[in-house]
There are 2 protein chains.
Amino acid sequence: MNIRTLCLGILFFEEATGYEINKLASEGRFSHFIEASYGSIYPALTKLMDDGYVTVREERQVGKPARKVYAITEKGRKALLDGLYDEPGADIFKSEFLFVCLYSEFLEPNYLSEMLDRRVEVLEEKFQMLHELSERCDHPASQFAIGYGKALNRAAIEFIKENREKLEARHERKTVQAAH
Amino acid sequence: MNIRTLCLGILFFEEATGYEINKLASEGRFSHFIEASYGSIYPALTKLMDDGYVTVREERQVGKPARKVYAITEKGRKALLDGLYDEPGADIFKSEFLFVCLYSEFLEPNYLSEMLDRRVEVLEEKFQMLHELSERCDHPASQFAIGYGKALNRAAIEFIKENREKLEARHERKTVQAAH
DNA sequence: GTTCACATGTAACAGGTTACATGATTGG
DNA sequence: CCAATCATGTAACCTGTTACATGTGAAC
């Protein structure tokens with residue numbers, strides 16, 4: 001899914017500026033299943049304007065630059081809803097963490113343990129974040145999406161806690177070692 | 001993590017051709033947390049050669065094109081292991097499925113139910129695939145990675161089964177509808 | 001006969017990231 | 001005083017995808 005569709009999807013629920021869309025996509029209630037950055041959001045918004053899917057309203061502010069508040073149009077609403085009927089692609093999961101884990105037996109034991117500690121910590125923070133989001137949300141579909149994120153997060157935390165010793169035990173010591 | 005590192009990581013465990021690396025990354029025991037395609041693998045292998053991280057051996061075959069079997073060098077081994085000490089970036093999860101779910105109340109009820117059915121099916125197939133992989137694997141670290149994938153998969157399946165009715169019930173019927 | 005598995009590779013293109021440029025206000 | 005938040009935008013760059021090009025043998 002491209003950033004244009006993402007912007008349209010967010011604007012479907014509420015008016016927003018590019019800055020706010022970035023926040024929603026990187027910290028807010030879309031953040032656990034979507035990626036976006038300024039460099040892609042602003043051009044996407046411009047394109048959406050050109051195509052008549054959104055409108056802008058400029059709000060002057062004292063001291064700060066004017067904010068450009070985008071709102072979806074009927075045409076944009078219809079385009080989004082129509083697009084929903086294309087079978088969604090498979091979820092994408094990429095994990096450098098798991099990649100590193102593959103070579104755990106070659107890592108310094110302390111480093112491995114610290115990495116696992118940090119990972120659990122980060123996942124717990126994320127879980128907490130999602131939990132707070134879900135408490136401040138009364139839209140059932142959004143709750144579902146947040147709940148899904150929480151479920152995966154919890155599963156990851158529990159899995160690491162229950163299985164980390166299998167990595168830390170390092171059953172057979174390998175001879176190949178990196179010099180450090 | 002780029003494709004070069006991925007190729008190096010696979011070659012760390014075993015010699016392989018570009019074709020085989022593609023299989024491992026798209027169906028094999030790396031497939032649930034890594035993405036790669038021919039268009040990126042072959043050039044990555046060439047680059048790895050240029051940098052002295054791998055060597056090639058050409059195996060002529062009757063009827064089929066010669067296969068180029070790549071093998072990691074000491075330099076490559078060291079480079080991979082050294083790279084492991086860079087803190088792994090956060091896991092990336094992208095889901096068009098969850099995005100579509102956000103607008104479930106605007107979808108035709110039948111379509112929504114079918115989409116959820118299909119999604120559970122796909123996830124169950126994936127789980128089965130991972131399960132079979134883990135049975136044919138005796139490397140503890142790989143087992144950990146596969147187990148992690150299975151845990152997340154199971155969590156997703158259970159969450160959908162337990163919560164789909166909340167989407168399908170459509171608490172408040174919205175008036176905005178796409179024409180179909 | 002047609003599709004699948006094997007096998008390598010390139011080129012055009014899409015898509016997005018990173019860093020940069022700019023600048024005021026608020027809170028610690 | 002410094003960092004963070006608010007706020008917009010561009011340009012160079014990187015990375016990877018898709019589609020194409022080519023060809024055999026086996027299975028169905």
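Lettering of chains follows the sequences in order, A, B, ..., and the numbering in each one begins at 1.
- Alongside B:Y42, the hydrophobic cluster contains B:Y19, B:Y38 (criterion: ILVMFWY side chains under 4.5 Å).
- Atom CG of B:L24 and atom P of C:dC6 are 12 Å apart (whole Å).
- Using a 4.0 Å cut-off between charged side-chain N and carboxylate O, B:D91 and A:R119 make a salt bridge.
- As rounded to whole Å, 14 Å separates atom P of D:dA7 from atom CD1 of A:I41.
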Q: Let me have a per-nucleotide readout for nucleotides 8-22 of chain D, 5' to 3', with B, S or -, counting only protein heavy atoms under 4.0 Å.
A: BBB-----SBB----

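- Atom pair A:K23:NZ and D:dA4:C1' shows a separation of 10 Å (rounding to whole Å applied).
- For the helix from C:dG1-D:dC28 to C:dG28-D:dC1, the end axes, each set by the C1' atoms of five terminal pairs, are bent relative to each other by 50° (nearest 10°).
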Going by atom type alone, with no hydrogens or angles, which donor-acceptor pairs under 3.5 Å involve a side-chain atom of residues 146-156 of chain A and a protein atom two or more places apart or on another chain?
unit_1, atom_1, unit_2, atom_2, d
A:K150, NZ, A:H131, ND1, 2.7

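- Remark: B:E27 pairs with no residue by the side chain to side chain donor-acceptor pair (under 3.5 Å) rule, at least two apart or across chains.
- Scanning for side chain to side chain donor-acceptor pair (under 3.5 Å) contacts around B:K47 gives B:D51, with sequence neighbours left out.
- Checked against side chain to side chain donor-acceptor pair (under 3.5 Å), A:T73 has no partners two or more places apart in sequence or in another chain.
- Going from atom CZ of B:R60 over to atom C1' of C:dA7 covers 15 Å, rounded to whole Å.
- The NZ-C1' distance, from A:K47 to C:dG16, rounds to 15 Å in whole Å.
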Let me check something: any side-chain donor-acceptor pairs from residues 120-130 of chain A under 3.5 Å, sequence neighbours excluded? List them with distances.
unit_1, atom_1, unit_2, atom_2, d
A:E124, OE2, A:K161, NZ, 2.9
A:Q128, NE2, A:E132, OE2, 3.0

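- By the side-chain contact (heavy atoms from CB on, under 4.5 Å) test, B:S113 is found to be paired with B:R164, B:E168, residues two or more places apart in sequence or in another chain being considered.
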